[in-house]
Amino acid sequence: MTEQTIDKQPSSKQPSAATPALNITPVSDAIGAEIRGVDLAGIDDATFAALHRAWLDHGVLLLRDQLLSDAQLVAFSRRFGDLDEAPPNENGKGGVDGFPEVLVLSNVKENGKAIGALGNAEAIWHSDMNYIPEPPTGSVLYSLEVPETGGDTGFCNMYKALDALPSDLRAHIADLKIKHDSSTNSGGFLREGAKPVTDVRDCPGAIHPIVRTHPETGRKALYLGRRRYAYIMGLDLDESEALLDEIWSHATRDDFTWHHRWRVGDVLIWDNRCAMHRRDDFDDSARRIMHRTQIKGDAPF
Ligand code: SIN
């Protein structure tokens, strides 16, 4: 695989001359890089600055063989910015004891109740919390137990997806905005208190431009959120559906995506501003337990 860089423009957090060189290996031609030789439990400021730069350059970072307590996961994640508290899962539980920022993603049940969110079903392509005015900056996902097959997590490079749009389509969507439904999560579950959707034009949720500018790299990226119950403001329903289908089938092309096969101890860090993600389903008799933190968004866009 050749060296690949998503962004070559300066960021606000560039490493200084004293920054250590990281061992960075792109994991695909589309998106993502593996960083070797860094222990996230004991990372210093200079190494973090280099890691942050690599995150902006590659959109998703993979670090293997990590051993993190929840306290260490939270402390590392806080280096990126303030963290969101975990939203309640389908059983109304948010966070883990002592760490309200740690969301459990799992299919495991204890005493008949799910210990985490999303279960074992496929999670469709999405950006996290696209349905709020200031969606999170990114997420850190750490694997504690993984199934032998299934449950892979995919990522899609939204810079590349925008750059490769046919010019007439890019001009057509330049000033359009999507209403991002807040009723349903990426596993297809209705959020607590939400009403079933009967007309996408009436769904609650934030409205964002389809093309957004990344606040740190200055690059433009597609921002689609999730396909289900999306609506392009101001268009007839049929027109909105057709245009969304066209953009989505382009954006999720194989050449913009990479899928990660998990091992225990893997950490993935994604930039929610330029990468969408999804998860494969897996056999419910297998156990999958992941702990996730989410970096707060800093501004509407
Ligand atoms: C998600 O954050 O949507 C799920 C990611 C995963 O469980 O791999």
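Atoms within a ligand are numbered from 1 in the order they appear, just like the ligands themselves. Just so you know, these numbers come straight off a predicted model, no measurement behind them.
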Using a strict 4.0 Å cut-off to heavy atoms of [X], name the atoms of ligand 1 that fall inside it.
X: Arg292; answer: 2 (O)
X: Leu141; answer: 5 (C), 6 (C), 8 (O)
X: Thr153; answer: 6 (C), 8 (O)
X: His126; answer: 3 (O)
X: Leu105; answer: 2 (O), 4 (C), 7 (O)
X: His277; answer: 1 (C), 2 (O), 3 (O)

TODO: State plainly whether the residues Asp181 and Arg227 are in salt-bridge range, i.e. N to O under 4.0 Å.
DONE: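 The answer is no: the pair does not qualify as a salt bridge.
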TODO: Using the six-membered ring wherever Trp is involved, compare the ring planes of His277 and Trp270 and label them parallel, tilted or perpendicular (cut-offs 30° and 60°).
DONE: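 It falls in the tilted class, 30° to 60°.
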Open item on the list: Please verify the inter-ring angle class for Trp258 with His260; under 30° counts as parallel, over 60° as perpendicular, anything in between as tilted.
Closed with: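 Answer is tilted, since the angle falls between 30° and 60°.
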TODO: Please confirm whether Arg278 makes a cation-pi placement over Phe155, using NZ or CZ under 6.0 Å from the six-membered ring centre and within 45° of the ring normal.
DONE: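 No, Arg278 does not sit over the ring of Phe155.
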Open item on the list: In this structure, does ligand 1 have an atom that sits under 4.0 Å from one of the heavy atoms of Arg278?
Closed with: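 Flag not set, Arg278 not near ligand 1.
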Task: Minimum heavy-atom distance between Thr149 and Phe282, given as atom pair plus value - done: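 Distance-wise, the nearest heavy atoms are O-CB, 3.9 Å.
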- [ ] List for me each residue that meets side-chain hydrogen bond (donor to acceptor under 3.5 Å, both in side chains) alongside Asn120, sequence neighbours excluded, and say none if there are none.
- [x]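 If we apply the side-chain hydrogen bond (donor to acceptor under 3.5 Å, both in side chains) test to Asn120, skipping adjacent residues, there are no hits.
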Open item on the list: Tell me whether Trp270 has any N or O atom under 3.5 angstrom from an N or O of ligand 1.
Closed with: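 No, since none of the N or O atoms of Trp270 sits under 3.5 Å from an N or O of ligand 1.
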